[in-house]
Amino acid sequence: MNDFVSSPGGDPRGFDKRHHGAPSGFFEAEAAGLAWLAIPGGVRTAQVLDLEPGHIVLETIDEVPPSRPAARAFGAELSVTHSAGAAAFGAPPDNWSGPLFIGNRSLPSAYESDWGVFYARYRVLPYLDIAVDVGGITARQAEAVHAACARIEAGDFDDGAPPARIHGDLWTGNVLWSADGVVLIDPAAHGGHRETDLAMLALFGCPYLEEITAGYESASRLVPGWRARTPLHQLHPLAVHAAGHGAAYGRALEQAAEAVLELPAAHPPAE
């Protein structure tokens with residue numbers, strides 16, 4: 001989802017991204033996220049070769065076509081990354097106290113103990129407000145999103161799982177396939193729910209997605225019903241896109257919210 005204007009430079013060491021108008025901490029946050037996600041046994045992340053304000057150099061990844069074995073291995077490794085955990089829902093990478101970003105937009109940090117409170121307040125509603133203001137979604141369409149967020153914030157979908165160490169922007173463009181396996185780039189890393197990264201892979205399509213999820217479940221079993229909850233975890237990226245990429249994403253966001261409103265609560269109230 002990184003639509004921030006950047007361009008390869010001429011650094012012979014690797015892929016050189018520069019932007020002199022980058023917000024303070026922009027590339028530093030990227031580097032912190034890549035380092036935080038680099039867990040032994042987890043998914044490999046691109047190595048940072050050089051870093052300074054407005055400039056980052058990453059190792060060059062020689063890409064190869066995706067394959068089923070690589071996809072299955074990626075899924076298992078992603079589970080390991082997630083299981084490394086985070087300090088709280090919304091927490092930034094360890095040892096990073098600066099800003100977070102998703103694409104060219106700010107990404108709020110939080111230190112919440114309840115996933116639903118974090119997700120509604122810090123991942124959906126801030127971008128929904130922007131989307132309404134710029135015409136990416138109508139006020140009427142936004143009613144469904146507000147209703148879904150009310151359920152989310154009330155804890156209807158909290159399952160008691162601890163914060164996972166997630167990439168946060170895991171669309172297929174940030175998944176590079178190399179001869180040695182998948183390498184991740186451009187994270188919006190934070191403490192979140194493991195289903196969120198899987199939902200992002202599904203949103204824009206990722207090669208061999210079924211193999212990825214099979215590999216994931218071979219390492220960590222997902223909570224039953226996770227496929228039905230995919231629209232729940234797509235609310236955030238759809239809201240971000242509705243805030244900057246037009247009304248088509250506003251319609252998709254409304255449809256995802258309507259699907260969320262049909263979901264059963266994770267912990268139905270006792271009669």
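Predicted, not measured: the structure shown is a model, and the values here were computed from it.
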Going hydrophobic residue to hydrophobic residue with side-chain gaps under 4.5 angstrom, can you get from Y216 over to Y208?
no

Trace of the side-chain contact (heavy atoms from CB on, under 4.5 Å) decision for W226 with T213
CA-CA 11 Å; W226 67 270; T213 56; 3.6 Å; yes

Straight-line distance of L222 CG to R229 CZ, nearest 0.5 Å:
8.5 Å

Can you see which heavy atom on A142 is nearest to which on L128, and at what distance?
CB-CD1, 4.0 Å

Sub-4.5 Å side-chain heavy-atom contact between P93 and L100:
yes

Return the minimal non-hydrogen interatomic distance between C206 and W177, and the atom names on each side.
SG-CZ2, 4.3 Å

Closer than 4.0 angstrom, basic N to acidic O: yes or no for E210 and R227?
yes

Atom CD of E262: over 12 foreign heavy atoms under 6.0 Å:
no

Between K17 and E30, does any side-chain N to carboxylate O distance fall below 4.0 Å?
yes

State whether the side chain of D158 and the backbone N or O of G116 hold a donor-acceptor pair below 3.5 Å, judged by distance alone.
yes

Please examine the side chains of L238 and Y127, heavy atoms only from C-beta on, and report whether any two atoms are closer than 4.5 Å.
no

Check whether any side-chain heavy atom of V145 lies under 4.5 Å from a side-chain heavy atom of Q141, and answer yes or no.
no

Would you call V223 and E195 a side-chain contact if the rule is heavy atoms closer than 4.5 Å?
yes

Taking it one step at a time, do L235 and L253 satisfy side-chain contact (heavy atoms from CB on, under 4.5 Å)?
CA-CA 6 Å; L235 292 177; L253 176 57; 3.8 Å; yes

Pairwise distance CG(L209) to CG(L198) - rounded to 0.5 angstrom
8.0 Å

Determine all donor-acceptor pairs shorter than 3.5 Å in which one atom belongs to a side chain in residues 65-76; sequence neighbours excluded.
{"unit_1": "S67", "atom_1": "OG", "unit_2": "A70", "atom_2": "N", "d": "3.2"}
{"unit_1": "R72", "atom_1": "NE", "unit_2": "E211", "atom_2": "OE1", "d": "3.1"}
{"unit_1": "R72", "atom_1": "NH2", "unit_2": "E211", "atom_2": "OE1", "d": "3.2"}

Test item: S178 side-chain N/O and D62 main-chain N/O as donor-acceptor pair under 3.5 Å
no

Taking NZ, NE, NH1 and NH2 as the nitrogens, is one of them in D197 or R165 under 4.0 Å from a carboxylate oxygen of the other?
no

Check whether any side-chain heavy atom of P163 sits under 4.5 Å from a side-chain heavy atom of H190, and report yes or no.
no

Shortest non-hydrogen contact from G90 toward F118:
CA-CE1, 3.3 Å

Inter-residue atom distance L201.CG - L78.CG, 0.5 Å rounding
7.0 Å

Below 4.5 Å, heavy atoms only, C-beta onward: do R123 and P108 meet side chain to side chain?
yes

Spacing of NE2 belonging to H241 relative to OH belonging to Y249, to within rounding of 0.5 Å:
4.5 Å

Dump the intermediate steps for side-chain contact (heavy atoms from CB on, under 4.5 Å) on L232 and Q234, then the final yes or no.
CA-CA 5 Å; L232 167 65; Q234 291 177 343; over 6 Å; no

Working to the nearest 0.5 Å, report the span between CD1 of I152 and NE2 of H233.
8.5 Å

Donor-acceptor pair, S218 side chain versus G215 backbone, under 3.5 Å?
yes

Enclosure of D133 CG (heavy-atom neighbours >12, cutoff 6.0 Å):
yes

Examine V64 and V183 and state if one hydrophobic cluster contains both, with Ile, Leu, Val, Met, Phe, Trp and Tyr joined whenever side-chain heavy atoms are less than 4.5 Å apart.
no

Side-chain heavy atoms of D169 within contact of M200, under 4.5 Å
yes

Would a hydrophobic clustering, with Ile, Leu, Val, Met, Phe, Trp and Tyr connected at side-chain separations under 4.5 Å, put L37 with I185?
no

For a quick test of reading the model, state the closest non-hydrogen atom pair linking Y111 to P92 and the distance between them.
OH-CD, 3.1 Å

Does Y119 have its ring centroid less than 6.0 Å away from the ring centroid of H193?
no

Salt bridge present between R44 and E59 (N-O < 4.0 angstrom)
yes

Please examine the side chains of H236 and T196, heavy atoms only from C-beta on, and report whether any two atoms are closer than 4.5 Å.
no

Check whether R151 reaches the backbone of L261 with its side chain - one donor and one acceptor, N or O, closer than 3.5 Å.
yes

With sequence neighbours left out, write down each residue that passes ring pair (Phe, Tyr, Trp, His ring centres under 6.0 Å) with H167, or none if nothing qualifies.
none

Stepwise side-chain contact (heavy atoms from CB on, under 4.5 Å) check, W96 with E28:
CA-CA 9 Å; W96 174 247; E28 292 84 350; 3.4 Å; yes

Identify the heavy atoms of A202 and T230 that sit nearest to each other, and give their distance.
CB-CG2, 4.5 Å

Flag yes if L203 and W171 sit in one hydrophobic cluster, no otherwise; membership is Ile, Leu, Val, Met, Phe, Trp, Tyr, and two members link when side-chain heavy atoms are under 4.5 Å apart.
yes

Between W36 and A189, what is the shortest heavy-atom contact and its length?
CE3-CB, 3.7 Å

Euclidean distance, L125 CG relative to I130 CD1, rounded to 0.5 Å:
11.5 Å

For residues V124 and I166: do they belong to one hydrophobic cluster (side chain heavy atoms under 4.5 Å, members Ile, Leu, Val, Met, Phe, Trp, Tyr)?
no

